[in-house]
Amino acid sequence: MARPGRGDRGLPPPRRLGVRLGARERPADEHRPAGGGSARPPGAPRPRPAPGRPRGPDERPSDRQPDPGLRVPRPPPDPRRGGDRSLDVRDRFRVGRRLQSRLRRRDDGRSARNLLWPCLLRHRGVRLCLRPDPPDRRPVAPGREGPPGRADVPHRERHRPRHHARPGLRPGRLRAVHPRRAPRGRRGVPPRAGDPVPAGSKARHARDEPLRGGLVRDLRLGPRPHRGGGPAPRFPGRADPRKPSRPHCDGSGRSRRARPRGPVRSREGRLLSSAALPPRFEAREVEARWQTEWDRAGAFRGPDRARPPTFSLVLPPPNVTGVLTLGHMLSDTVMDILVRRQRMKGVPTLWVPGLDHAGLATQVEVRRRLQKEGVVFEELPREEALRAIEAWREEHAARIAEQTRAAGFSVDWTRFRYTMDAESARATREVFVRLYRDGLVYRGERMVNWDPKLKTAISDLEVQHAEEEATLLYVRYAWADGSPGGLEVATVRPETIFGDVAVAVHPEDARHAAAVGREVRVPLTDRIVPVLADPAIDPTFGGGALKVTPRNDLVDYEVFQRHPELSMPPDILDDGAHLTGPWVPTAYHGLSVEEARPKATEALEAAGLLVRREPYRHSVARSERSEAPVEPRISTQWFVRMPGLAAPVVDAVRRGEIRIHPSRWERTFFRWMESIQDWCISRQVLWGHRIPAYFCRACGKPTVSVDPPARCEHCGGRDLLEDPDVLDTWFTSWLWPFLALGWPERTADLDRYYPTSVLVTGRDIMFFWVARMMMSGYYFTGQRPFSDVCFHGMLRDEEGRRMSKHLGNSPDPLDVVRERGADAMRFGLVFPNPTSEDGSFGPTALDGGRNFLTKVWNLGRFALGHLPPGTEPPRRAPSLAPTSSLENRWILSRYRRTAEEVDRALAAYEPTRGASALHAFVRHDLADRYVEIAKDALAGRRGEVLERETRSTLLYVLERTLRLLHPFVPHVTEELWHALPHDGELLTLAPWPDPAEAPTDPGAEVAMEPVLEAVRLLRNLRAEERIPTDLRPPAWIRPAGPEVARVLSSEVATIERLARVRPLVLLEPGAPAPPRSGSRVVPLGECYVERTPASAAETESLEREREKLTRLLEKTRARLGDRGFRDHAPAEVVREAEEKAKELEERIGRIDEHLKESGSSGANA
RNA sequence: GGGCGCGUAGUCUAGUGGUUAUGACGUCACCCUGACACGGUGAAGGCCGCCAGUUCGAAUCUGGCCGCGCCCA
């Protein structure tokens, strides 16, 4: 299958990008200081905020109006580069192309920082300088925001008392007590003895434990939302006396800030929305509420009047065997994501839930339960046994339904199906009869896998092989004629000697050539058997001679069949694998295989026939259900002829009619399909669909019929006996896609929703189920049952074992949902687990999910707080002029790319990719960057126009992002969506966003880079210089080129605010570094380091940087010095390397200068 | 025994021939900053399993080896 090429990624072709960029270019003389006026490009609808715009209340002149002397002029052309490259149009074009290729990768989740800097690298380093104010010169902002008495108290002092007033409590614990959480008026008051204690530390410990058990414990211990009136305080005796005053206690023991109910006023006194959201997402309450709402609205009913194309899928019916595991949750979440997206796209969708009776598996479980009560299942009368199973089913079916509902899966419960309901029974019988009439079902005596514990035949797929230790015995078979010696036969199963009919050697084995045709005496018996030659014998195994026990080994059976001179011996094992029969000495009768083995070994030894024994590791077949060693057994069973059924399926997959994702499983699929064996479908158990075959007591032949026949179709006899056996569960399950839609009736649902769209499942049942469904689909409906198969990985616990109900190592999803919420579980499952690989799931994944939801929730709260009542829902993307604020253009463009990526990922059945894209976008772009930048504008400090524009941009992006997130985390998004201005009744029915609605703006994305990079640099410097957080020291940047200067100068205020510096001054290229300033070398350019007294860390990091750059430079130079490289590499690559080398040399040079300075000034200090 | 897949910071993970190797969790440091401490900022942490080969150039392609997993017999 063709992988989507790069061109499919929905990005505009390079030329257009280049043109766009070019069009955005302003004449160089427009470069101006921050806040300066802007010439209006022709056709631009509205002017940018005027230079004389109103100032924010806390704004000082120096905030915005850099000294005219510091205006950033165009640097002189660089003679080495033959002109001012950054203004060269062709160069621009190249940036566009590179940007494009970078942005492509960006879609793979790379960070913006690493994405774009290479485009900027050529501009040379930005110099950043930053100097902390000495304490006495610290600016005390007049009229600063914040409650009086706060801003003027030095930060450190403000908090110190809290740490020192309680010597008995470690600061680490106090840390978690948020002063703002205390009711107003109590800020800064140290916690008292009765105050809640943070739970974090304790929860951490639990989190370190392995998943099994650990998770459950952790879930109980971890911080969790308080359920109104719910659990008692977790620390008895520490009840919080302030509780009544805190309506939104989170129950984790931490107090929350009391939030005033009713209208909220912003700092400026404007009325904000009164529909304030609670400070924390209360998963349990919100999730239950929306699940009810969705049900009430019938949102998940498959439309009855749908016309193709529709989107439909069947839920792989879980076994009633037990409850659902997190593995099911992963699978179901993937399906839910796909379905919900389609539903939002307006496609009629149907998701059919169901339940599988899981015959043998269920019977085993019920048997086990009865055993605990002292009841032997096999001894129960049939009716009673069935009643016991039915009781089990009811109990578990309810539990499974509860689990499915709690997770918020959008299945259509009105179409629920059970594989043992009347319709399913009818369909199963029809299928059997039809296959029988078509000659594809037959009854035959063949070697089958026999489970001696459950006393039933099982299919090849139900057999598990595992390596086990055993002892290999070398047994001498004496010559029958009494001549000395004999043949040495190696075996691990001496107890089957009684069933031997021959000894076989390889025909070309020279050692035994003379033996062929002679006869040997079977040890422990007096039977004489021939020595045969057969090509199946492995001459390298043991002595090269194999004993032939046709009833007890498949290979032996095949050898036997090739030698018609042999006759079939009587059985030596009964159905419980006990020795029996005329060939077995009476001393062994009734012994199990395990008991007989040592006994036979001893006897052989006593008889002097045991030559030697050696330890041996070999593969043992065990029954999947009972774990008993499987005995090959010749038995009469019903079979389905598979090769004929498989052929059309193989064709269909080859033709691409059914696509398998990830496609690498196709090979495995084909291999199995092409060597497929007949399927043994009869089971000697109670629980299942009875085989619709009726044996005539007169002639012994079966009459096969959907309804019980009146007479034998062979002899007309009336005395008929229903076949006591039942059918393999999978004989019903393999019909599921059409069975669930009403087949064999020609129902409307079949017309509308068949073939289904996609099948999502773990690949553990690829052969059991998926392949067989394809076969039945083509055979019975003539159509593919689904167009796409999507295999996901198996969840493993933290010990790497597969999660299964069998091992009991999966937490109950219901517990997970109760403790952390369905959305947290869903995101925690999908986000870290690529569909193609096996994944893991533990408490940390859950935390990640929950934390992300909290982030989204708080974004919603933030936005809500900045929207005046009556704000219109965002009907279309805000149309931003090219002169609009950079951050708005940027976030729209980023949103657009994210939307595209999510769409693409889901269309390719890769929900993890979609989740990653959304996670990265929400956390990094939207929350960490955009919102932080936009705060100024939203507070009205950058003028009304910008405030309005920013508001509508924020609302638009957030609202559309909620829609994109909805399939992943439906509840929290539904709740937030309703709190925000919106059109429509339910988010779950709201339209899926068209990414193209929002414009891409590569120019804004490029321009944003230096801004973000500058912020990062300054913050880094602050940290290195250990400048207290509440200081806003002055800072300087020496921009690298005019382009960077232009961007930076227009965003000075933003950088100042985010980096917490003031004022930020842009220096001219040649200007000297400000005195007593610290600087750093950073990736973007070079960086200067300053020398303050504590500069060891700085010097160290400079040296590290230098080392790194030097290594890189050497590498680059080596490459450039290589003839081969110059001759063979594309010119562009060579040029890039040259530029890079120059770049590096310069940067290293600057670092050296700094190190030198630092050395001298360090000495002075 | 055969087949398939996987080895990338302590852990999980992105990365289809030119990147200063991505992100998350964890770790360390600073920080309650008017959405969010379930938080913010910054930092440290990588012979991209090993060895050959192809190539001007390999985490990426090929072969071998080692380790792990799965499927099949």
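Each chain gets a letter, A, B and so on, in the order the sequences are listed, and its residues count up from 1.
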At under 4.0 Å, does any side-chain N or O of [X] touch on OP1 or OP2 of [N]?
X: A/K1115; N: B/U20; result: no
X: A/H924; N: B/A24; result: yes
X: A/R913; N: B/G15; result: yes
X: A/R1016; N: B/A43; result: yes
X: A/R667; N: B/C4; result: yes
X: A/K855; N: B/G40; result: yes
X: A/N1020; N: B/A43; result: yes
X: A/R1019; N: B/G40; result: no

With both distances kept under 3.5 Å, what pairs with [N], Watson-Crick or G-U wobble?
N: B/G7; answer: B/C66
N: B/G17; answer: none
N: B/G57; answer: none
N: B/G26; answer: none
N: B/G34; answer: none

Spacing between [X] atom [atom1] and [N] atom [atom2], to the nearest angstrom:
X: A/D928; N: B/U33; atom1: CG; atom2: C1'; result: 14 Å
X: A/E1136; N: B/G17; atom1: CD; atom2: P; result: 16 Å
X: A/E932; N: B/G40; atom1: CD; atom2: C1'; result: 8 Å
X: A/L1017; N: B/U41; atom1: CG; atom2: C1'; result: 14 Å
X: A/E624; N: B/C71; atom1: CD; atom2: P; result: 10 Å
X: A/L1112; N: B/U19; atom1: CG; atom2: C1'; result: 10 Å
X: A/H866; N: B/A35; atom1: NE2; atom2: C1'; result: 8 Å
X: A/D847; N: B/U11; atom1: CG; atom2: C1'; result: 15 Å

Under 4.0 Å, counting only non-hydrogen atoms across every strand here, what does [X] touch: a base, just sugar-phosphate, or nothing?
X: A/F767; result: sugar-phosphate
X: A/A1137; result: nothing
X: A/R923; result: sugar-phosphate

Below 4.5 Å, heavy atoms only, C-beta onward: do [X] and [Y] meet side chain to side chain?
X: A/S916; Y: A/F831; value: yes
X: A/E901; Y: A/F921; value: no
X: A/W857; Y: A/L976; value: yes
X: A/T898; Y: A/V922; value: no

Legend entry - Side-chain-base donor-acceptor pair under 3.5 Å for A/S619 and B/A73: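 Counting by modelled atom types and ignoring angles, a donor-acceptor contact under 3.5 Å is found here.
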
Inset, instruction - Taking syn as within 90° of 0 and anti otherwise, name the glycosidic form of B/U19. - result: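 Syn.
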
State, to 0.1 Å, how close [X] and [Y] come at their nearest heavy-atom pair, and which atoms those are.
X: A/A1059; Y: A/R1019; result: CA-CG, 4.2 Å
X: A/A979; Y: A/L864; result: O-CD1, 3.4 Å
X: A/L1120; Y: A/R1126; result: O-NE, 2.8 Å

Legend entry - Residue whose closest nucleotide on RNA chain B lies nearer the 5' end, A/G860 versus A/R1126: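 The answer here is A/G860.
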
Legend entry - 5'-most by nearest nucleotide on RNA chain B - A/R671 or A/Q677: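 With A/R671 and A/Q677 compared, the 5'-side residue is A/R671.
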
Measuring from the side chain of [X] (C-beta onward, heavy atoms only), which nucleotide among [options] has the closest atom?
X: A/A1129; options: B/G18, B/C4, B/A35; answer: B/G18
X: A/R850; options: B/C56, B/C38, B/C36; answer: B/C38
X: A/T854; options: B/C36, B/A35, B/C56; answer: B/C36
X: A/R1119; options: B/G18, B/A73, B/A24; answer: B/G18
X: A/A1023; options: B/G42, B/A35, B/A24; answer: B/G42
X: A/T668; options: B/G18, B/C4, B/A24; answer: B/C4

Whole-Å [atom1] distance, [N] and [M]:
N: B/G69; M: B/C12; atom1: C1'; value: 16 Å
N: B/A9; M: B/A14; atom1: P; value: 12 Å
N: B/U54; M: B/C47; atom1: P; value: 27 Å
N: B/U16; M: B/G57; atom1: C1'; value: 16 Å
N: B/G49; M: B/G2; atom1: P; value: 25 Å
N: B/U11; M: B/U27; atom1: C1'; value: 12 Å
N: B/G17; M: B/U55; atom1: C1'; value: 9 Å
N: B/G26; M: B/G10; atom1: C1'; value: 7 Å

Legend entry - Flag, side chain of A/E462 to backbone of A/S459, donor-acceptor distance under 3.5 Å: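 Answer holds: yes.
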
Inset, instruction - Fit a plane to each ring of A/H919 and A/H924, take the angle between them on a 0 to 90° scale, and name the class: parallel (under 30°), tilted (30 to 60°) or perpendicular (over 60°). - result: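 It falls in the perpendicular class, over 60°.
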
